[in-house]
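Below is one structure, written out as structure tokens; comments come after it.
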Amino acid sequence: MSTGSEEHLARVCLDADSCFFVFFSFFFNPFSTVNLLDSKASQGELGWISYPAHGWEEISGVDEHYTPIHTFQVCNIMEYNQNNWLRTSWIPRKSAQKIYVELKFTLRDCNSIPLVLGTCKETFNLHYLETDEDQGALFREHQFSKIDTIAADESFTQMDLGDRILKLNTEVREVGPITRKGFYLAFQDLGACVALVSVRVYFKKCPLMVRNLAIFPDTVPMDSQSLVEVQGSCVNNSKEEDPPKMYCSTEGEWLVPIGKCLCNTGYEERGYSCQACRPGFYKSSSGSMKCSKCPPNSHTYQEGSVRCTCDNNYFRSEGDPASMACTRPPSAPRNVISVINETSVILDWSWPSDTGGRKDVTFSVVCKRCGLGRPPCEPCRGSVRFLPRPTGLSNTTVTVTDLLAHTNYTFEIEALNGVSALAPSHRQFAAVTITTNQAAPSPVTVIRKDKTSRNSVSLSWLEPERPNGIILDYEVKYYEKQEQETSYTILRSKGTNVTLSGLKPDTSYLLQIRARTAAGYGTSSRKFEFETSPDSFSISSENSQVMLIAVCSAVGIIFLTVVVYILVSRFCGQSKSKHPGEKRLNFGNGHLRLPGVRTYVDPHTYEDPSQAVHEFARELDASGIAIDKVVGAGEFGEVCSGRLKLPSKKEICVAIKTLKVGYTEEQRRDFLSEASIMGQFDHPNIIRLEGVVTRSKPVMIVTEYMENGSLDSFLRKHDAQFTVIQLVGMLRGIASGMKYLSDMGYVHRDLAARNILVNSNLVCKVSDFGLSRVLEDDPEAAYTTRGGKIPIRWTAPEAIAYRKFTSASDVWSYGIVLWEVMSYGERPYWEMSNQDVIKAVDEGYRLPPPMDCPAALYQLMLDSWQKERNNRPKFTDIVSFLDKLIRNPGSLKVIANTASRPSNLLLERSGTSDVTTFRSMGGWLDSVRTLPCRDAFGGVGYSSCDTLPKTSAEEFKKVGVTIAGPQKIVSSIRTLEAHAKNGPVPV
Ligand code: ACK
């Protein structure tokens, strides 16, 4: 093999056993040749044959370097009819497809020969013959094929010979494709004077080469014009990034390198191989970079390290890159200062002297309550509040409020960084002990009206959340609402109830209560309004007729009362047997008992929330519950369907929410809080609690089973399959459930179609109750800038902005549910981001009407989305509005106008004055009634077709409705006015 220039060789190893010397650069020597025959290099006899024997003769001599050479010559120019053949020995082809024949020869100029007897020629012929085996001495002239006639570029004369200057000619001829195992060459002389100085036969190949850390083997090119595609294999300790490839050209050149290999982790590229990183160095990723020195506080003693090990007492957190120095936990915060203000304390400290080499330092504060001389301390109760929070503090201050008065506390302040968790024994904290001051009690928050008469009212209330000492008494201040506090009465009460007497009948009063301890009066409660009963018997004595009516009325009322009493007591008897409703309304265990007043009680007001569960939910025996299958997943565990068999009752289908194993006490409390809340409700549109299992595991909440699951997926499954009346019926149910909840004083905060369940009769029931966790549980809930988690798309702006959750914010959510229902489960605001939704709503944009949505319902949506929450309808209004629509289905035929909206806008600007002309749904309905065409409205309840007034068209334009059907008059007025306005009709 001719290897070209030796200085361009490199040693490359595929693995420990196979190393090669290869051309290391594509650019220096891209191709090589392989000799099949070199007459100059042959030391011994060449064994070539001459025909006839007196033709070509072999002459041994030396070249210019005095190296022995074989030359063949012939010069029979003095004779006629020369045909002298010289045939080489058999040349095996090896892998060659195309061969090159390089001839070096001298040729005598015929003119320089003075006396030629025969025919002098100045050319000779080159022939070849392919065979699969050596034919020995056998020679048949006709078997050979001619390659070419070879002429000299330079011939020599006698004079040249005398000067001993031989003019050497070099000619190269290509022959191919060669397909047999070998071949002969033959030189035919027809009467020339020629000396063959050397014959070299070779083929070209692409040589073994390393390129981009991939080894490409020796490759013989094709005879044709096409390139040979060759896959490279990665050198030892490297791996493919892109499969390495090159093409071998017919000229034996490597072309178009593609792809590459990269040294493995722990190895770097040196020369044309991948070498292990030296001790003290590492390489953590595969790539072309070099090994790096170990970062501070780390080391490695091995070769080929992927990363360095941290020195003692130094650590690397999971997210730290290998290039980062090892670090350690910070030292303790310094200079802790506490400023006590009654039952609050501001803690302030300085940064630790050593941050451990990291920037991600935060602080956490642990509160411990320490009895006087009574170690050990115990953790503070959950009611203690930290502002902004107890952990993950980036500033060096925190305010702790709602501590107990006159109590010792120790606060442990710890600086933490990303490696603190890895080094628990290295953590240090600073501690400060304080004693809170005497403090006045917190305000009374829960006041209830127990009994009202014409001149008196009985009230009761709950003790303040933080009495901060023993409550000596309560001050009750009240006055007539109209008097504006110009005159008032003050009473003191030792207990938590009072009866105010001597009041005026049918009069509104305002009342405030404040508690008193040794530390003085606490802040007054919010103003509580109550009214005395009307003076129904105040009649004029002169008017006997009126008197008679009054007496008759009284008799009638008494009679009616008796009938109602009998009916109600029967009904109650039945319902009692159905649900343990009445018991739920009593607050036991030291809590206020308020018979007859159905008001929601926050389970958090119970010192022990598990008491609340048993107050409002019955304990079920787990043996009566059979779980059939899992139907979904809640935050706390699986939701299953199953059956409940209560003693002497029929088996019923139930849904069972389970609490997953390994729960914390807090999770158990939160999980059961839903039952404590649900158990207080008893309404056909609120999911009914059957009971709880808390005394055995798993802890379960058992509710009625809703065959059709959640409303959003149910609607999506049945797209466009219901009549408008069916949809309105479902909406009415939800509104009715919500009215009940708002009457109970319960704000849902997460009203959305996904939280409504549907049973087999299409009855919708509100579900998913809970405390703070309600929103934690909801996958739609997102964190707001204020830290709370809120389902943005369903939530009123004031609730997003400053957490003002009220029944009015529930009404906003109801409007969104209405939109979800009418669009069969479409996602509100589609794929807009939460931020964009907040911005758009704030700028006055509102969702457009769903397809085919009755204008009345779209109007209800817009009303529910009034920015000013007091302008939104109440749930009671919504229920009666929907009832009216159901009674009057023709009113649903007017479809909200989607056509007038530009089609590329998802939302329309809802200008405050243009949103609606009708301040109430009643107004809208009335306007609908004034429409002339009974056909369009099913002929229900409309006065006259003659009364098509200007105003109805005007109003229609303002509410943005079109009328389906033959309402040509109205629509032409609309069209004219829309033209006049020169733009789309605002919604
Ligand atoms: O849409 P779904 O089938 O209805 O999937 C959810 C899943 O559990 C997680 O909440 C279903 N689910 C919840 N409560 C009930 C229930 N009382 N009856 C039937 N399915 C329920 C809900």
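Remember, it's a predicted structure, so these values are computed and weren't measured experimentally. Both backbone and side-chain heavy atoms feed into the values below; hydrogens, waters and symmetry mates do not. The chain is numbered in sequence order, starting from 1. Counting starts at 1 for both ligands and their atoms, following the listed order.
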message: Looking at Asp712 and Arg716, is any side-chain nitrogen of the basic one under 4.0 Å from a carboxylate oxygen of the acidic one?
response: yes
query: Counting each atom of ligand 1 from 1 as listed, which ones have a heavy atom of Ser713 under 4.0 Å away?
result: 1 (O)
query: Is the shortest N/O to N/O distance between Glu704 and ligand 1 below 3.5 Å?
result: yes
- request: Name the closest protein heavy atom to atom 7 (C) of ligand 1, giving the residue it belongs to and the distance to 0.1 Å.
  value: Gly632 CA, 3.7 Å
- request: Give a yes or no on whether a salt bridge exists between Glu843 and Lys839, defined as a side-chain N under 4.0 angstrom from a carboxylate O.
  value: yes
Protein contact of atom 3 (O) of ligand 1 - nearest heavy atom, named by residue and atom, plus distance: Gly709 CA, 3.9 Å
Side chain to side chain, Leu741 and His683, heavy atoms closer than 4.5 Å: no
- prompt: What protein heavy atom sits nearest atom 19 (C) of ligand 1, and how far away is it?
  reply: Met706 O, 3.0 Å
message: A side-chain contact here means heavy atoms from C-beta on lying under 4.5 Å apart; do Tyr829 and Ile792 qualify?
response: no
task: Inspect the contact between Arg385 and Glu465 and indicate whether a charged nitrogen and a carboxylate oxygen are less than 4.0 angstrom apart.
output: no
message: Counting only heavy atoms, tell me which of Val630, Val702, Val639, Asp712 gets closest to atom 8 (O) of ligand 1.
response: Val639
Heavy-atom nearest neighbour of atom 11 (C) of ligand 1 within options Val631, Thr703, Ile687, Leu711: Val631
field: More than 12 heavy atoms from other groups under 6.0 Å of CD on Glu318
entry: no
- request: Return yes or no for this condition: an N or O of Ser710 is under 3.5 Å from an N or O of ligand 1.
  value: yes
Short N or O distance, Ala633 and ligand 1, threshold 3.5 Å exclusive: no
query: Do Tyr824 and His718 have their ring centres less than 6.0 Å from each other?
result: no
- prompt: Does the distance from a Lys or Arg side-chain N to an Asp or Glu carboxylate O, for Glu690 and Arg618, drop under 4.0 Å?
  reply: yes
- prompt: Which ligand 1 atoms are under 4.0 Å away from a heavy-atom of Tyr705?
  reply: 18 (N), 19 (C)
task: Specify the protein heavy atom at minimum distance from atom 16 (C) of ligand 1: its residue, its atom name, and the distance to 0.1 Å.
output: Ala655 CB, 3.2 Å
task: If you have a sec, work out which protein heavy atom is nearest atom 21 (C) of ligand 1 and how many Å separate them, to one decimal?
output: Leu757 CD2, 4.0 Å
